[in-house]
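Everything below concerns the one structure shown next.
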Amino acid sequence: MFETLEATSPDPILALMQQFRKDERSGKVDLGVGVYRDGEGQTPVLQAVKEAEKRLYEEETTKSYVSPSGDAVFCDSMRQLVFGQSIPSERVKGIQTPGGSGALRVLADLLISVNPGSRTWVSDPTWPNHLPMLLQAGHKLERYPYYDAAKSTVDFDAMMQSLQSASAGDVVLLHGCCHNPTGADLNQEQWHAVADLCEKNGLLPFVDMAYQGFADGLEEDAQGIRILARKLPEMVVATSCSKNLALYRERTGCALMLAGTETAAANSASRAVSLIRANYSMPPDHGASMTRIILQDPALTEQWKAELESMRARMERLRQEFADALRKRSNSDRFDYIAGQKGMFSRLPLSESQVDKLRNEHGIYMVGDGRINVAGLPDNSAEAMDDLATKIVGVMS
Ligand code: LMR
C-alpha cells in the first residue's frame, strides 16, 4: 500500500535546521530553529541540570514504568511555576507529557473528545506546527488576526473583533508569552480584556506556554495566564521545559487542566490519561525527574533561575545591539521594534525571496516568513553584527 504514497513536504522549521547543518560555509549564521545558543553558538546543558542528572544517577533505583500521568511531584512543580498562588491548587491537575508538543496534543485530544463540535481559534500568524497538530486531532480551525506588520505590534482591535465571532464552547489558542513567531505579546490590560471576552462568551483558553522565563522573568511571564485563571472557571495550558531548562531532546512538558471544581479537574485528568494510554501509553521519565530534583531543592532552583536569567538577559542585549546595527545601516528607525519585543523571536519585514537570497548568497538562515531567533545573532563582535545588518538591509534595497 505504501507505493501509492508521495513524499510529504517537510516541516519548514525542521527542514531549515537540516539544511543549516549540511551547509559547509564557515561564516554561516543560524537564526532559524527556536533553540537557545550561547556566544559560541552552542546549546549547553545547564549546570543545574548537570547536577540534577548526577543526583538522579546516584539515587535512581529502577527504570520501571512511571504511569500514563507521570510524576505527580513534577506536575505539581509545573503547576506552581505557571499558576503560582493565583487559584486554589486543587482546581488544577497536571499530566507529564513528552515535551510541550506532547502537552499540546494531549490537550487537543482532550478538548475534542469533550466538545467535538467546537471550533478552535488560532492566531494568524502562529507556530506553524500548531495547525497540523490541531487538524490531526480533529479540530475545526478558525484564524484571528494578531499582528500588525506595519506597526510591528499586536493588532489587538482586529484580534478582539474577530474573536467576537467565536461561540460558547469554542477554544482560543493563545501564546502565554514570547509569541512565536512575532515576539509581540499582549500587555496586562489586553489579557484582562481577553479574560472578560472569554467569560462573557463562554470561550475556553488553550495557552501554549513554551517560553516561560524568556520574556521578562518567570513570574512576570505567567501574569497573562494568571489573569485568565483568576477570572475563568476553566482553561488548559501546555507547558514545556525544552527552552527554559534547555531540556529539548529529553521531551519534558506538562499538560495543565484548570476546572471549576476539584472533581471536574480530576475527571479531566482521568479522560486525558485514557487518551494517553491509547496513544503513547506513558511519558519518558528522565527530563521530568531532573526537573523535579531541581524544583524540589531550593539551592538548585536558585542556580537554575540564575542560568535562565542570564539566557534571558543575553537575548535582550542582543535585541538591542541588532536594532542599533540595523538603525545605523538603514539610517532609519524601522527596526527599533526588535529591541522591545519579547523572547526568542522577531520577524523581519522580508519577502520569501529576500529570505532565500540571504540564505543562498550569505549563509544567513531564517524562517521563510522572516522570523529570526535572536539567540543566534552574532555575539561579542560588533563587526559581525554590523555585517549581518548590512546584508539584511542590502537585500531590502
Ligand atoms: C521553533 O518554533 O523553532 C521551535 O519551537 C522548534 C520547533 O519544534 O519548531
Side-chain angles (χ1 to χ4, degrees), residues 8-21 23 28-38 41-43 97-108 122-137 146-147 173-185 206-215 221 237-255 280 283-284 287 308 311-312 315 318-319 338 341-348 350 352 355 358-359 364-377:
T8 316
S9 46
D11 175 272
I13 296 175
L14 300 186
L16 197 68
M17 184 169 88
Q18 295 305 336
Q19 213 181 335
F20 180 81
R21 284 182 181 161
D23 190 331
K28 62 185 182 174
V29 181
D30 187 3
L31 307 177
V33 67
V35 170
Y36 181 82
R37 270 180 297 279
D38 63 16
Q42 304 302 317
T43 306
T97 54
S101 296
L104 284 169
R105 182 58 197 254
V106 165
L107 291 169
V122 183
S123 71
D124 184 10
T126 195
W127 180 49
N129 202 32
H130 277 148
L131 306 177
M133 182 182 282
L134 288 163
L135 285 170
Q136 286 198 29
Y146 183 79
Y147 191 59
L173 186 73
L174 298 156
H175 297 222
C177 64
C178 308
H179 185 269
N180 181 0
T182 66
D185 282 348
F206 180 175
V207 185
D208 185 351
M209 186 58 148
Y211 295 89
Q212 189 177 358
F214 272 21
D221 294 357
V237 180
T239 185
S240 167
C241 303
S242 293
K243 325 281 171 163
N244 56 13
L245 280 123
L247 284 175
Y248 307 89
R249 64 174 63 174
E250 299 294 356
R251 311 310 300 134
T252 309
C254 188
Y280 56 84
L308 173 58
M311 292 194 275
R312 193 196 70 74
M315 289 187 286
L318 286 171
R319 282 182 173 281
I338 293 169
Q341 290 183 332
K342 299 293 176 190
M344 213 173 218
F345 307 116
S346 277
R347 249 183 172 183
L348 298 179
L350 297 172
E352 207 149 334
V355 169
L358 284 167
R359 189 179 59 253
I364 298 166
Y365 283 71
M366 65 186 70
V367 183
D369 62 359
R371 188 193 83 170
I372 55 155
N373 169 4
V374 297
L377 289 167

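Index from 1, following the sequence. Just follow the structure's listing: the first ligand is 1, and inside any ligand the first atom is 1.
- Of all the heavy atoms of Asn373, none lies under 4.0 Å from any atom of ligand 1, so neither backbone nor side chain is involved.
- A heavy-atom separation below 4.0 Å is not found between Asn129 and ligand 1.
- Of all protein heavy atoms, the one lying nearest to atom 8 (O) of ligand 1 is Trp127 CZ2, 3.6 Å.
- The distance criterion of under 3.5 Å between nitrogen or oxygen atoms is met by Gly34 with respect to ligand 1.
- Atoms of ligand 1 found under 4.0 Å from any heavy atom of Lys243 (numbered from 1 in listed order, with element): 4 (C), 5 (O), 6 (C).
- For the atom pair CD1 of Ile364 and CZ of Phe20, the computed distance is 11.0 Å after rounding to the nearest 0.5 Å.
- Minimum heavy-atom separation, Ser240 to Gly100: CB-CA, 3.7 Å.
- Using a 30° and 60° split on the angle between ring planes, His179 and Tyr146 fall in the parallel class, below 30°.
- Geometrically, Lys28 does not engage Tyr365 in a cation-pi contact defined by less than 6.0 Å to the ring centre and at most 45° from the axis.
- Considering CE of Met344 and OH of Tyr211, their distance stands at 6.0 Å, rounded to 0.5 Å.
- Remark: distances from the non-hydrogen atoms of Met17 to ligand 1 are all 4.0 Å or more.
- Close approach to Arg371 involves these atoms of ligand 1, each under 4.0 Å from a residue heavy atom: 1 (C), 2 (O), 3 (O).
- Leu173 contributes atom CG, which lies 4.5 Å from atom NE2 of His130 (distance to the nearest 0.5 angstrom).
- Residue Tyr248 places every heavy atom at 4.0 Å or more from ligand 1.
- Atoms CD1 and CG, on Ile372 and Leu358 in that order, are 11.0 Å from each other to the nearest 0.5 Å.
- The ligand atoms of ligand 1 that sit less than 4.0 angstrom from a heavy atom of Val33 are 3 (O), 6 (C).
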